[in-house]
Amino acid sequence: MRTIYKNGNIYTFNSRKPYVQSVVIENGRFIDMGSSADMVLQWGSHAQIIDLEGKTATPGLIDSHLHLSIMADSFINLDFASVTSKHEMLSKIQEKANQLEPGQWIVGSSWDENLFTDGTIPKISELDYVAPANPLFLTRTCLHAAIVNSKALEVSDYHPMISVPEGGTIVLDEYSKQPTGLFLESAMNLIRQHIPERSYEDWKTAMRQTMNFAIEKGLTSVHTNDPLYLGGLEMTWNIFNELLNGEQLGLRSNLLINHEFLPDLKEAGMYTGYGNDTLQIGAVKIFADGAFGRRTALLSEEYSDAPGHYGDAMYDQEQLYEIVKGARELDMPIAVHTIGDQALENVLDVLDQFPSVAYRDRLIHAQVLREELIPRLKAPGRIADIQPRFIASDFPWVQERLGSERIKLSYAWKTLMDAGVICAGGSDSPVEPVDPILGIHAAVTRKKPGEMHDGYLAEQKLTMVDAFRLFTELGAYPTNEETVKGTIARGKLADMTVFSTNPFEMTDADELLTMDIEMTIIGGEIKYRKK
């Protein structure tokens with residue numbers, strides 16, 4: 001079936017034909033583009049013709065790093081993303097507890113004490129009061145911390161001499177030496193492993209809802225990290241395969257596979273690039289450090305607001321070397337969570353000891369830089385996988401963590417791009433909202449929606465075009481798909497996102513916040529249309 005989309009303001013991000021009115025699609029790929037009159041004249045016979053009515057379109061939006069399975073929690077469990085007070089959080093927990101039988105788990109996510117107007121993290125005694133008979137496991141928005149109640153400790157067989165996994169911390173009260181309820185990093189697994197597993201069909205239903213939600217936000221492709229939350233490699237692949245290749249939901253998905261599943265990849269005969277244009281195995285995912293919220297991101301110099309504290313390495317250099325070696329033995333690239341500059345340096349030091357592979361390695365987040373690290377990021381076969389929306393959540397408080405000098409080379413997206421480092425844009429959802437327009441807004445304005453100032457580190461603002469490139473053209477590079485998607489050109493996959501207004505003609509970037517997604521087109525098919 002041939003389809004012609006006509007009468008659009010179509011920005012191709014293709015230097016040979018940067019702007020067209022119409023595209024022609026056949027067998028899921030672009031076969032021609034140009035003026036509406038020419039395309040209809042040449043290709044209109046026996047074609048389906050869809051009028052874009054002057055709306056603006058770009059290549060399909062790509063999110064280079066998120067967690068669809070954790071997003072799916074919001075369709076099943078408590079979601080605290082919009083909660084702005086401890087009182088409200090406790091009320092939601094109590095309401096949920098009143099709906100459950102004693103002993104049933106209450107699982108939730110996305111709380112952020114920095115948004116609370118009436119205090120900080122709930123104490124374990126407060127959690128016990130609102131849910132005395134139901135174990136709680138509530139993850140922070142950064143995914144590097146969780147709070148639990150006494151019932152959760154009880155059913156998880158917690159005792160003072162329990163062995164804490166390397167890189168993890170159980171926070172104890174200064175005086176009583178009893179748990180406060182706060183678990184950091186790998187220590188969370190001590191509780192998480194006791195939460196009853198959901199059924200396959202429950203997960204599949206939630207993932208279907210999540211994928212459709214992402215498509216409604218204009219996304220046509222995602223790079224998603226899920227096996228640790230979605231029951232392992234086999235279950236993750238099967239659910240994605242059934243939804244995407246079976247039900248043909250559309251959302252192109254590249255699966256980052258946690259390094260713990262390297263033996264499973266080898267046994268299954270899977271490798272980076274295994275799959276098709278809709279579903280592929282991606283890089284091997286590794287965590288090198290934590291996050292700024294709990295000061296677990298690893299820095300080369302001490303935290304400015306916590307003298308003597310540098311953050312936490314998830315692995316020592318020998319362990320990190322062995323993990324990368326395991327990936328390289330399968331000829332696979334790595335995708336490493338590196339927020340602090342020391343974590344970034346540690347990973348680069350290990351990578352320098354291995355030859356590159358066919359696919360690019362990606363350094364995810366790269367939030368704190370040093371001048372001497374930037375050329376190393378520019379090396380062939382490396383990508384900086386950045387999340388512009390972090391600016392809206394982390395500022396202004398992160399400036400206290402890093403100090404006035406170190407902050408100058410932090411969240412420095414323009415510095416990276418100007419230096420020739422390939423950058424791709426993502427959300428890290430549910431850490432940040434999945435809506436890519438919010439990421440683009442943050443990249444352009446360097447501030448939260450509604451704030452009235454010139455932007456945090458305003459010299460790092462991106463142009464509207466470069467911000468969109470992060471989520472289109474450059475989003476194809478981490479997966480070596482720049483020849484098949486990311487721009488609109490003959491032979492490429494026919495993915496487009498259509499907007500209600502033209503972002504490239506806006507005089508005020510805040511207008512992005514009122515711009516709607518009109519259509520999400522994947523493989524030439526309209527997978528979402530605004531009602």
Side-chain angles (χ1 to χ4, degrees), residues 63-66 142-144 223 225 256 282-293 296-301 310-315 320 324 333-352 360-395 398 401-402 406-428 431-432 439 442-443 446 456-457 459-462 466-467 469-471 474-475 477-479:
D63 190 312
S64 66
H65 183 65
L66 47 62
C142 65
L143 306 179
H144 294 272
H223 310 169
N225 177 216
L256 300 186
V284 175
K285 175 68 183 294
I286 307 168
F287 284 90
D289 67 343
F292 286 129
T296 54
L298 185 63
L299 302 175
S300 60
E301 298 180 8
Y310 293 81
D312 301 320
M314 300 303 291
Y315 305 99
L320 193 57
V324 176
I334 59 169
V336 194
H337 169 113
T338 54
I339 286 183
D341 65 312
Q342 189 60 58
L344 178 58
E345 182 178 6
N346 290 350
V347 173
L348 293 174
D349 285 348
V350 170
L351 274 178
D352 287 346
R360 298 176 177 97
D361 295 305
R362 63 173 84 180
L363 290 306
I364 301 173
H365 310 315
Q367 284 169 246
V368 181
L369 303 170
R370 299 197 312 271
E371 288 284 358
E372 65 270 24
L373 297 178
I374 296 174
R376 299 176 69 184
L377 280 171
K378 187 183 175 181
R382 292 177 185 170
I383 297 275
D385 193 338
I386 64 174
Q387 291 68 44
R389 172 70 186 185
F390 282 179
I391 293 161
S393 294
D394 294 0
F395 283 84
V398 74
R401 300 277 198 276
L402 298 175
R406 189 164 40 190
I407 198 70
K408 294 176 183 177
L409 265 184
S410 300
Y411 305 74
W413 318 139
K414 188 173 189 301
T415 294
L416 285 173
M417 295 181 76
D418 287 349
V421 176
I422 300 174
C423 297
S427 64
D428 203 13
V431 174
E432 298 295 337
R446 305 283 299 192
Y456 300 107
L457 306 175
E459 67 276 9
Q460 295 289 343
K461 288 180 180 178
L462 299 185
D466 278 344
R469 286 181 67 229
L470 285 175
F471 290 87
L474 296 174
Y477 276 76
T479 52

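Closest approach of I422 and I383 over heavy atoms only: CG2-CD1, 3.3 Å. Closest heavy-atom contact between S427 and E432: O-CB, 3.2 Å. Considering every non-hydrogen atom in both K408 and Q460, the closest pair reads O-NE2, 4.2 Å. Smallest separation of non-hydrogen atoms from P388 and G439: CB-O, 3.4 Å. Nearest heavy-atom pair, A288 versus V336, reported as atom, atom and distance to 0.1 Å: CB-CG1, 3.8 Å. Summarising the geometry of H365 relative to F390, their closest heavy-atom pair is ND1-CE1, 3.6 Å, with the distance given to 0.1 Å.
In this structure D428 satisfies the salt bridge (charged side-chain N to carboxylate O under 4.0 Å, His left out) test with no other residue, sequence neighbours excluded. A search for salt bridge (charged side-chain N to carboxylate O under 4.0 Å, His left out) contacts involving R362 returns D385, not counting sequence neighbours.
Within the model, atoms CG of L470 and CH2 of W413 stand 9.5 Å from one another, a figure rounded to the nearest 0.5 Å. Residue L351 holds its CG atom at 8.0 Å from CG of L320, rounded to the nearest 0.5 Å. One finds the CD1 atom of I339 at 8.0 Å from the CG atom of D394 (value rounded to the nearest 0.5 Å). Here L299 contributes atom CG and D289 contributes atom CG; the two are 8.0 Å apart, rounded to the nearest 0.5 Å. E459 contributes atom CD, which lies 7.5 Å from atom CZ of R446 (distance to the nearest 0.5 angstrom). Here the CD-CD1 distance, from Q387 to I364, works out to 7.5 Å after rounding to the nearest 0.5 Å.
At least one donor-acceptor pair under 3.5 Å links the side chain of D361 to the backbone N or O of I334. A donor-acceptor distance shorter than 3.5 angstrom exists from the side chain of S64 to the backbone of G425, with no hydrogens or angles considered. Not a single donor-acceptor pair under 3.5 Å links the side chain of D312 to the backbone N or O of T296.
A salt bridge between R376 and D352 is present, with a side-chain N of the basic residue lying under 4.0 Å from a carboxylate O of the acidic one.
Among residue pairs with one or both ends in residues 336-347, those qualifying as salt bridge (charged side-chain N to carboxylate O under 4.0 Å, His left out) are D341-R370, E345-R370; sequence neighbours excluded.
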*side chain to side chain contact (heavy atoms under 4.5 Å, CB included) between L256 and H65: does it pass, once the steps are laid out?*
CA-CA 9 Å; L256 300 186; H65 183 65; 3.8 Å; yes
*Are F395 and Y411 close enough, and set up right, to give a ring pair (Phe, Tyr, Trp, His ring centres under 6.0 Å), and what steps lead you there?*
CA-CA 10 Å; F395 283 84; Y411 305 74; 5.0 Å; yes
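With contacts defined as side-chain heavy-atom distances shorter than 4.5 Å, the pair V347/I286 does not qualify. A heavy-atom distance below 4.5 Å is found between the side chains of F292 and V368. Residues R382 and L348 meet the side-chain proximity criterion, which asks for heavy atoms closer than 4.5 Å.
In this pair, H144 and H337 present their aromatic rings tilted. The plane angle is within the 30 to 60° band.
Counted within 6.0 Å of CD on E371, heavy atoms from surrounding residues, nucleotides or ligands total 12 or fewer; the atom is thus considered open.
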